[in-house]
Amino acid sequence: MRRTRRALLRGGGATVAAAAVLGLVVAAAAAVPVLWPHDAMTTTFGSILEAPSLAHPMGTDGVGRDVLARFGEGARISLLIGLVAVVTGALAGLLIGLTSGLAGGAVDEVLMRVMDALMAFPTLMLTMAVTISLGSGLPSATAGVTIGTIPWFARVARSETLRITALPMVEAAVALGMGRARLIRAHVLPHMVSVLVVQATATYGSVILSVAALGFLGLGARVPTPEWGAMITEGMEPALTGAWWVAFFPGLGMLIVVTCTSVLSDRIRDVLDPRGSFSGVKGVT
Amino acid sequence: MSRFLLRRTFSAVLTVLGGTVVAFVVMRLLPGDPARLVAGEFASAEAVAEQHRALGLDEPLWSQYLIYMADFFRGDWGFSYSLGEPVFEQFVRSVPATVELAAAAVTLAFAGGVIGALISSYSRGGPLDAAVRASSYIGLGTAPFWLGLLLLIVFFERLQWLPGPEGRLSSSTAAPPPVTGLHTVDALLAGEWATLGDAAVHLILPAVTLGFVIYAFLVRMLRASMLELVREPYILVARSKGRGRWGVIVRDVLPNALLPAITVGGLVLAELLTSTVLAETVFGWPGVGKLVTDAILQQDFAVVQAFIMISACLTVACNIVVDLLYGIADPRVRVRSS
């Protein structure tokens, strides 16, 4: 574990910077709603569309709400939904993939065909369909993006299960009379954790973008909710008449979170799985 | 080869059918009764029941699915209540705008991706390589609707160099005589230079917005495969025979890196379908994407359902074509799979 941590930090400036900046956003999500004097929902008609200033570092929106306060709430919503969706999706995918890989035969065939069918859509379309059928709103959007992640996790979990169960050590364990439950716990799960973690970190950013896209399309968070995508929708008209800050900061927040997690995710993959590494490659040209 | 083709097509047809079943079931769970929508808000209970029967909603789900699919392949995609006309006709009208936008975006993205990957492999580990990598991370982390809005703020609101979100042409410009439906091409064919300029100017920001995501995706993949190829022995041979660094990268590495790029065709299409919905909405571009978002706002789900069906079919079709092309381009794939 310590070796892994040290290897992660050796990744150089980009990794450390990404971790630090992501930490800042997490800190903002935790601190702003508690410490910042302005409220995310309180409208002040005396201060509509004020440019960023000391009193309002991110300005105010079309009904005089403080954009920084809303940014902080939005960070909470995005980071949390991302976490919920990825963890739920990973667990469900793990269950499906494990079942598929261990059972084989018809069960495997059916489960994987269903996953293929789910993957036949561009992820946002599947997410849209689920969200619409559940009725728009933040909970449906969360359910939608979660379902969108399941097939990817299931595929990875299945192929890992097949890879691990073919290892000689598993054969040995079975020969020694190890039961199936213990086999899964002692050998299969520990050996696929790293791959699932890589998949989870890689998925996290795209989940956040999907939730925001649903919010932007009017399928996710309802309008006064300070969700980043919905905030961008609200900021569109002001932006075209000069008030750029309403839509700018939520989008920037998303860009930071998604970029930092994908930098970290690539680094984690390089460390956990050196096969796919391109850092420090020495070629002849 | 023909067996490979047959098996591949068969499994793809299965997948597409599975996809449509999922789309159908999910969309049928919709809140609200379509019969109520057709009959009108104040219709009597009998009228609604009548409409219910007429729409086939009292049939079992599987037979509704079969009817829907049969209609779908005959071009009957249902009726749009918000616009008062068949869904199919709306799609036919919107497709050219989307094709024009997507073609421009993919061209930009591909050119940018190849140039970026060349720069990256030439100056591997240097500042230019870092810049290309950063641009790829940013492209993948940016919501297309936000990027579009930023471009509008800078180039329309501040600098006033480019038109705002008003669609494909200025209101004072008449559309060119329709031949292909692509305004730029039609204007060129008709020799209407002013219209061509207007159409091109309107195309820039939406195409850059849509193209940037695709660029980010392509450059990341091309860079990775080029850096891997650079380590191959044949490159060492080419170098030792006296070919320069640029020569090796352009003539020996790039062609072999472009080949695997075919395989991500399906992913690129999926990304295009997704991002075009978002980009068109920001720019008021009257294509398929805007049709869908307008329908969502109007709760007109026949349009959305048709779009989801088409996306599933297109993505799977694209994956088959990709597999076939790849099988033709790289014989090893064919051999391994049979």
Side-chain angles (χ1 to χ4, degrees), chain A residues 14 18 113-114 116-126 128-130 132-136 205-206 208-210 212-213 216-219 228-229 232-233 235-236 239-242 244 247-248 250-252 254-263 266 276 278-285, chain B residues 14-19 21-23 26-31 121-122 124 130 137-138 140-147 149-150 152-153 156-157 164-165 224 227-228 230-231 235-236 239 245 248-249 253 269-271 273-274 277-278 281-282 293 296-297 301 304-305 307-308 311-312 315-316:
Chain A
R113 283 294 89 78
V114 173
D116 279 354
L118 287 177
M119 283 163 107
F121 305 94
T123 312
L124 189 69
M125 304 302 147
L126 177 63
M128 261 169 58
V130 174
I132 289 175
S133 71
L134 293 176
S136 55
S206 70
I208 287 180
L209 284 179
S210 293
F216 173 75
L217 292 174
L219 289 171
W228 284 347
I232 294 177
T233 311
M236 271 179 73
L240 297 179
T241 50
W244 50 270
F248 177 74
L252 186 67
M254 254 181 329
L255 173 62
I256 289 173
V257 170
V258 178
T259 309
C260 291
T261 45
S262 54
V263 169
D266 286 356
F278 294 107
S279 42
V281 170
K282 293 276 185 292
V284 280
T285 63
Chain B
L14 273 188
T15 311
V16 120
L17 284 180
V21 170
V22 172
V26 165
M27 300 297 291
R28 249 324 116 91
L29 301 177
L30 284 182
S121 24
Y122 188 74
R124 180 167 14 93
Y137 275 120
I138 290 173
L140 293 172
T142 311
F145 50 95
W146 184 66
L147 176 65
L149 194 60
L150 284 191
L152 279 174
I153 291 173
F156 165 65
E157 205 268 319
L227 290 188
E228 202 165 19
V230 161
R231 285 186 288 180
I235 298 297
L236 185 61
R239 283 288 278 156
R245 267 177 83 186
V248 162
I249 289 174
V253 177
L269 181 81
E271 191 58 58
L273 283 168
T274 305
V277 174
L278 302 170
T281 308
V282 174
T293 25
I296 291 175
L297 290 179
F301 296 121
V304 185
Q305 188 172 20
F307 182 63
I308 290 172
S311 313
T315 316
V316 176

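Not measured: the values here are computed from a predicted model. Note on naming: letters A, B, ... go to the chains in the order of the sequence lines (proteins, then strands), and numbering restarts at 1 for each one. All values below come from the heavy atoms of this structure, side chains included, with hydrogens, waters and symmetry mates left out.
B/G141 and A/T259 get closest at one heavy-atom pair: CA-OG1, 4.3 Å. Pairing each heavy atom of A/P122 with each of B/S311, the nearest pair is CD-CB, 3.8 Å. A/A239 and B/E157 make their closest contact through O-CG, 3.7 Å (heavy atoms, listed as atom of the first residue, atom of the second, distance).
Two residues are said to be in side-chain contact when any heavy atoms from C-beta on lie closer than 4.5 Å; B/T315 and A/M125 fail this criterion. The closest side-chain heavy-atom distance from B/L140 to A/S262 is not below 4.5 Å. For the pair A/L217/B/L278, a side-chain contact is recorded, criterion being any heavy-atom separation below 4.5 Å from C-beta on. Within the 4.5 Å cutoff, the side chain of B/I138 has heavy atoms near those of the A/L255 side chain. A/T123 is not listed as a side-chain neighbour of B/T274, based on a closest heavy-atom distance of 4.5 Å or more. Here the side chains of B/V282 and A/F216 are in contact, with some heavy-atom distance below 4.5 Å.
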| field | B/W146 vs A/L252, side-chain contact (heavy atoms from CB on, under 4.5 Å): CA-CA, chis, key distance, verdict | value | CA-CA 9 Å; B/W146 184 66; A/L252 186 67; 4.1 Å; yes
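Proximity to chain A involves both the backbone and the side chain of B/I308, based on heavy atoms less than 4.5 angstrom apart. Looking at A/V263, both its backbone and its side chain come within 4.5 Å of chain B, counting heavy atoms on both sides. For chain A, the nearby part of B/L149 is the side chain; its heavy atoms alone come within less than 4.5 Å. For B/F156, the part sitting under 4.5 Å from any heavy atom of chain A is the side chain, from C-beta outward, and nothing else. Only the side chain of A/L209 comes within contact range of chain B, judged by heavy atoms closer than 4.5 Å. Contacts of B/P144 with chain A are absent, with no heavy-atom separation under 4.5 Å from either backbone or side chain. In this structure, chain B has no heavy atom under 4.5 Å from any part of A/T233. When heavy atoms are compared at a cutoff of 4.5 Å, A/I208 does not approach chain B at all.
Put simply, of A/P250, A/G205, A/A213, A/G235, the one with the most heavy-atom pairs under 4.5 Å next to chain B is A/A213. Chain B forms more heavy-atom pairs under 4.5 Å with one residue of A/I256, A/V257, A/L240, A/D116 than with any other, namely A/L240. Here A/M236 is the residue among A/M254, A/M236, A/M128 with the most heavy-atom pairs under 4.5 Å with chain B. Ranked by heavy-atom pairs under 4.5 Å with chain A, the first of B/V21, B/I296, B/L269, B/L297 is B/I296.
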